[in-house]
Amino acid sequence: MPVFGSNTAADQRFNVNLSILFTELPLLERPAAAAAAGFTAVELWWPWVDSPTPEQSELDALKKAIEDAGVQLTGLNLYAGQLPGPDRGALSIPGEESEKFRANIDVAADFAASLGCGALNALYGNRVEGVDPAEQDALALENLALAARAADRIGAILLVEALNQPESPLYPLVSAPAAIEVVDKVNAATGLGNAKFLMDLYHLSMNGEDLPSVIERYTAKTGHVQIADNPGRGAPGTGSLPLEELLGRLRKAGYDGWVGLEYKAGDRPSAEAFEWLPRAAR
């Protein structure tokens with residue numbers, strides 16, 4: 001049974017995150033599976049967790065899989081360490097991880113550009129024991145500015161995401177205001193204005209934030225929205241978040257971008273995790 005009414009859903013553009021849905025399939029089969037489920041757009045975390053600079057043949061194979069499936073890549077994470085796993089980004093971590101992030105920037109930007117992808121997501125990274133948070137923040141600003149310039153070069157935006165404290169206790173951006181502050185600092189540093197907030201309603205709800213207030217205050221600075229229900233991070237209708245109402249508020253506040261489906265399918269194939277959304281709206 002659809003959870004969303006057809007009118008509401010028809011006003012919204014939904015894309016599937018292929019790093020959390022369809023993961024029962026090999027990476028190169030996921031774009032076609034999303035297309036078979038009725039979706040026209042997909043997004044991805046950086047797919048090569050061990051390599052910020054994979055072989056060109058690997059990049060080409062993924063590009064071909066996306067093109068052959070006839071779906072649009074609308075968002076791509078920059079290198080973020082082991083994700084899924086213990087890491088929450090690399091750009092604020094001194095040493096090897098920061099260097100990997102920098103090595104990845106142009107590789108990811110060029111790959112995004114080759115597919116007409118207009119958004120790069122840069123996860124901030126966890127606090128490191130024994131390292132001054134101010135040192136991490138200075139490094140983060142430097143690296144985010146580099147990423148923002150690379151995004152600008154390909155006509156894209158750079159996204160900064162707030163995660164949630166219960167699941168990411170070492171991640172410093174665990175509120176909308178904290179992420180917005182970083183967005184503003186990056187834009188001030190570059191003068192480009194292309195850094196934007198990634199508003200993930202699941203993460204913000206896990207933090208206990210007032211979601212209608214967040215939408216009212218920050219939609220103008222929001223470049224992308226992601227959803228999952230809470231509790232459980234499952235499909236809409238599996239928890240108690242009023243997602244249809246919240247997306248309606250976002251539209252009224254002027255958000256007309258993609259809404260990324262970044263939820264867990266549960267103990268069923270991903271293809272069966274979309275009953276909440278009328279097929280005509282995918």
Side-chain angles (χ1 to χ4, degrees), residues 13 15 17-19 31 41-49 51-67 71-81 83 89-94 96-125 136-161 173 179-199 220-226 255-258 260:
R13 297 186 296 162
N15 71 279
N17 188 309
L18 296 181
S19 299
V42 298
E43 61 183 54
L44 281 164
W45 301 341
W46 184 249
W48 298 278
V49 294
S51 177
T53 55
E55 296 293 330
Q56 189 61 45
S57 59
E58 292 189 73
L59 293 159
D60 290 344
L62 180 55
K63 179 174 185 280
K64 183 176 188 303
I66 290 169
E67 289 176 336
V71 292
Q72 173 67 44
L73 182 69
T74 57
L76 177 68
N77 280 21
L78 293 156
Y79 171 78
L83 186 75
L91 62 90
S92 68
I93 298 174
E96 187 181 0
E97 284 303 287
S98 169
E99 289 165 16
K100 284 182 177 179
F101 178 83
R102 290 188 186 193
N104 174 250
I105 291 173
D106 283 332
V107 175
D110 290 345
F111 180 74
S114 76
L115 286 160
C117 171
L120 296 171
N121 183 26
L123 284 171
Y124 201 82
Q136 283 197 256
D137 291 340
L139 178 63
L141 184 56
E142 207 176 301
N143 281 337
L144 285 165
L146 291 172
R149 292 187 184 103
D152 181 68
R153 171 173 67 78
I154 65 164
I157 60 173
L158 180 74
L159 296 167
V160 177
E161 182 173 8
L173 308 184
I180 291 288
E181 183 181 351
V182 172
V183 166
D184 290 344
K185 283 180 179 174
V186 175
N187 286 331
T190 65
L192 295 171
N194 69 331
K196 302 280 186 182
F197 177 42
L198 196 168
M199 186 188 293
K221 294 185 177 185
T222 296
H224 186 45
V225 171
Q226 291 174 335
Y255 182 75
D256 61 358
W258 292 94

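Worth knowing before you read on, the calculation uses all heavy atoms, side chains too, and leaves out hydrogens, waters and symmetry mates. Note that the structure is a prediction, hence the values are computed from the model and not measured.
Annotation: the span from L115 atom CG to L73 atom CG amounts to 5.5 Å, rounded to 0.5 Å. Distance check: Q136 CD to S98 OG gives 10.5 Å after rounding to the nearest 0.5 Å. The CD atom of E55 lies 6.5 Å from the CD atom of E58; values are rounded to the nearest 0.5 Å. With values rounded to the nearest 0.5 angstrom, E96 atom CD is found 15.5 Å from F101 atom CZ. To the nearest 0.5 angstrom, E67 atom CD is 7.0 Å from S114 atom OG. Between atom CG of residue L120 and atom CG of residue L76 there is a gap of 6.0 Å, rounded to the nearest 0.5 Å.
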Worked verdict on L91 versus L139 for side chain to side chain contact (heavy atoms under 4.5 Å, CB included): CA-CA 7 Å; L91 62 90; L139 178 63; over 6 Å; no
Intermediate values then yes/no, salt bridge (charged side-chain N to carboxylate O under 4.0 Å, His left out), D184 and K221: CA-CA 9 Å; D184 290 344; K221 294 185 177 185; 2.9 Å; yes
Derivation of the side chain to side chain contact (heavy atoms under 4.5 Å, CB included) call for L59 and L62: CA-CA 5 Å; L59 293 159; L62 180 55; over 6 Å; no
Chi angles and distances behind the side chain to side chain contact (heavy atoms under 4.5 Å, CB included) call for L173, V182: CA-CA 9 Å; L173 308 184; V182 172; 3.8 Å; yes
Stepwise side chain to side chain contact (heavy atoms under 4.5 Å, CB included) check, L158 with L144: CA-CA 8 Å; L158 180 74; L144 285 165; 4.0 Å; yes
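Taking both residues in full, the closest heavy atoms of A195 and V183 are given as O-CG1, 3.3 Å, listed atom of the first, atom of the second, then distance. In this structure, I154 and A112 approach most closely via the heavy-atom pair CD1-CB, 4.0 Å. Counting all heavy atoms, side chain and backbone alike, A147 lies closest to L78 at CB-CD1, 4.0 Å. Here the closest heavy-atom approach between residue A90 and residue G81 is recorded as CB-N, 4.5 Å. Of all the heavy atoms in P31 and A65, the pair that sits closest is CB-O, 3.7 Å.
Side chain of S51 to backbone of T53: a donor-acceptor contact under 3.5 angstrom is found. Here the side chain of R13 pairs a donor or acceptor atom with the backbone of D256 at under 3.5 angstrom. The closest donor-acceptor contact from the side chain of S19 to the backbone of W45 lies under 3.5 Å. N194 places a side-chain N or O within donor-acceptor distance of the main-chain N or O of A148, the cut-off being under 3.5 Å. The backbone N or O of W48 sits less than 3.5 Å from a side-chain atom of W46, completing a donor-acceptor pair. Judged by distance alone, the side chain of E161 and the main-chain N or O of Y124 form no donor-acceptor pair under 3.5 Å.
Between Q72 and V42 there is no side-chain heavy-atom pair separated by less than 4.5 Å. You'll find the side chain of K196 stays beyond 4.5 Å of the side chain of V160, heavy atoms only. The side-chain heavy atoms of V225 and Y255, taken from C-beta on, include a pair separated by under 4.5 Å.
Using a 4.0 Å cut-off between charged side-chain N and carboxylate O, D110 and R153 make a salt bridge. With salt bridges taken as basic N to acidic carboxylate O contacts below 4.0 Å, one links K100 and E97. Note on E142 versus R102: salt bridge recorded, some NZ/NE/NH1/NH2 to OD/OE distance being below 4.0 Å. Remark: K185 does not engage D137 in a salt bridge, criterion side-chain N to carboxylate O under 4.0 Å.
Checked by atom type, the side-chain pair H224/E43 shows a donor-acceptor distance below 3.5 Å.
When the options N104, N121, N17 are evaluated for a side chain to side chain donor-acceptor pair (under 3.5 Å) with N77, the one that passes is N121.
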